[in-house]
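See structure below.
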There are 2 protein chains.
Amino acid sequence: MRQQDVFKAMADPTRRAILKRLQDGPLTAGEIGAVFDITAASLSHHFAVLKRADLVRTERRGQYIVYSLNSTVLEDLARLLIDLFPSRERAGGKS
Amino acid sequence: MRQQDVFKAMADPTRRAILKRLQDGPLTAGEIGAVFDITAASLSHHFAVLKRADLVRTERRGQYIVYSLNSTVLEDLARLLIDLFPSRERAGGKS
DNA sequence: TAGATGATTAGATAAATTTCTAAATATTGC
DNA sequence: GCAATATTTAGAAATTTATCTAATCATCTA
C-alpha cells in the first residue's frame with residue numbers, strides 16, 4: 001500500500017462518496033457518476049486517483065467499465081491509524 | 001469530527017510524521033520540529049492544520065507549547081473506514 | 001525593562017489539485 | 001464500416017496547499 005496515495009485519495013469528499021456508493025456492490029462509471037454534479041471527465045480523474053491508490057478495481061464489461069471496492073486497502077488504512085494510537089508503555093516495548 | 005479536516009490533515013506526510021512522533025508522549029513544538037528539515041513557520045502551519053482537525057491538543061507551558069496526540073479522533077477515523085467495508089447483505093440491513 | 005528564546009502570523013511564491021471543454025479510444029449494433 | 005454510447009485523455013483555468021522570509025507575540029531571565 002502506497003500510504004501517500006491512499007491518504008491523498010481519501011482527502012477528497014467526492015472520492016469518499018464514490019467509495020460509499022460502491023459499498024453495496026460494483027457499479028459502472030456512469031452509474032456512479034449519475035448522482036454527482038460533475039462532468040464525466042472529472043469523475044474519470046477521480047477514478048484514476050482511486051485506482052492509483054488501489055482502493056478500487058476495474059473490469060471492462062463490453063462498453064462499460066465496472067468499478068468495485070477493494071476493501072483490503074481500507075482495512076490496511078484502518079490498521080495503520082490504530083497503530084498510531086499512543087503506545088501505553090507496557091513491558092515489551094512499543095506495541 | 002469534521003471528516004474533511006481530518007482527512008486533509010492526514011494527507012500530508014510531514015503531518016503524519018508529526019503524529020507518529022507524538023505517539024510516545026507530548027512534545028514541544030521545537031522538539032517535534034528538530035527532526036524535520038523545514039522552517040519553524042512551516043511547522044507551525046502544519047500544527048494549525050492538525051489542531052483544526054482536533055488531532056492534537058496544545059498546552060502552553062511557559063515559553064513552550066506542548067503538543068499531544070488526541071487519539072479519539074484517530075479512533076473515529078479508523079471506525080469510519082471500517083464502516084466503509086462492503087456490507088455483506090445479511091438480514092437486518094446494512095451493517 | 002532589555003535581550004534572548006520559542007512559537008505564531010502575515011504575505012509572497014511555487015507546486016499540486018480540481019474542474020472544465022474538446023478530442024480521442026473502445027465497444028456495440030445496424 | 002458507421003453512428004451511437006461509455007469512458008478516458010489532453011490541455012487550460014481557477015483554487016488550494018506547502019513552503020519560505022520577515023515580522024510579531026509570549027515568556028523567561030538577568
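Chain naming here is simple, since letters A, B, ... match the order of the sequence lines and numbering starts at 1 in each.
- Within 4.0 Å (heavy atoms only), B:R15 reaches sugar-phosphate atoms of the nucleic acid but no base atom.
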Would you sort out whether A:L69 and A:L74 count as a side-chain contact (heavy atoms from CB on, under 4.5 Å), showing the intermediate values? CA-CA 9 Å; A:L69 199 57; A:L74 286 176; 4.3 Å; yes
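- Side-chain contact between B:L81 and A:L81 is present, with heavy atoms from C-beta onward closer than 4.5 Å.
- Every salt bridge (charged side-chain N to carboxylate O under 4.0 Å, His left out) that A:D5 has, sequence neighbours left out, goes to A:R2, A:R52.
- For residues 68-79 of chain A, the pairs satisfying salt bridge (charged side-chain N to carboxylate O under 4.0 Å, His left out) are A:E75-A:R79, with sequence neighbours left out.
- Judged by distance alone, the side chain of A:T28 and the main-chain N or O of A:E31 form a donor-acceptor pair under 3.5 Å.
- Residues passing the side chain to side chain donor-acceptor pair (under 3.5 Å) test with A:T72 are A:N70, sequence neighbours excluded.
- Annotation: side chain to side chain donor-acceptor pair (under 3.5 Å) contacts of B:T58 (sequence neighbours excluded): none.
- Counting non-hydrogen atoms under 4.0 angstrom, A:H46 reaches the backbone sugars and phosphates but no base.
- Here the side chain of B:K8 is nearest to one of D:dT17, D:dA18, D:dC20, namely D:dT17.
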At a cut-off of 3.5 Å, list every protein nitrogen or oxygen paired with a nitrogen or oxygen from nucleotides 2-8 of chain D, distance to 0.1 Å.
from: D:dT5; atom 1: O2; to: A:Q63; atom 2: NE2; distance (Å): 2.7
from: D:dT7; atom 1: OP1; to: A:A29; atom 2: N; distance (Å): 3.1
from: D:dT7; atom 1: OP1; to: A:G30; atom 2: N; distance (Å): 3.3
from: D:dT7; atom 1: OP2; to: A:G30; atom 2: N; distance (Å): 2.7
from: D:dT8; atom 1: OP1; to: A:Y67; atom 2: OH; distance (Å): 2.4
from: D:dT8; atom 1: OP2; to: A:S44; atom 2: OG; distance (Å): 2.9
from: D:dT8; atom 1: O5'; to: A:S44; atom 2: OG; distance (Å): 3.1

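- Contact check, B:S42 against D:dC20: a side-chain N or O comes under 4.0 Å of OP1 or OP2.
- Computed from coordinates, the B:H45 NE2 to D:dT21 P distance equals 16 Å when rounded to whole Å.
- Interface limits on DNA chain C: the 5'-most and 3'-most nucleotides within less than 4.0 Å of chain B heavy atoms are C:dT5 to C:dT9.
- In this structure, A:F7 has its ring center no closer than 6.0 Å to that of B:F7.
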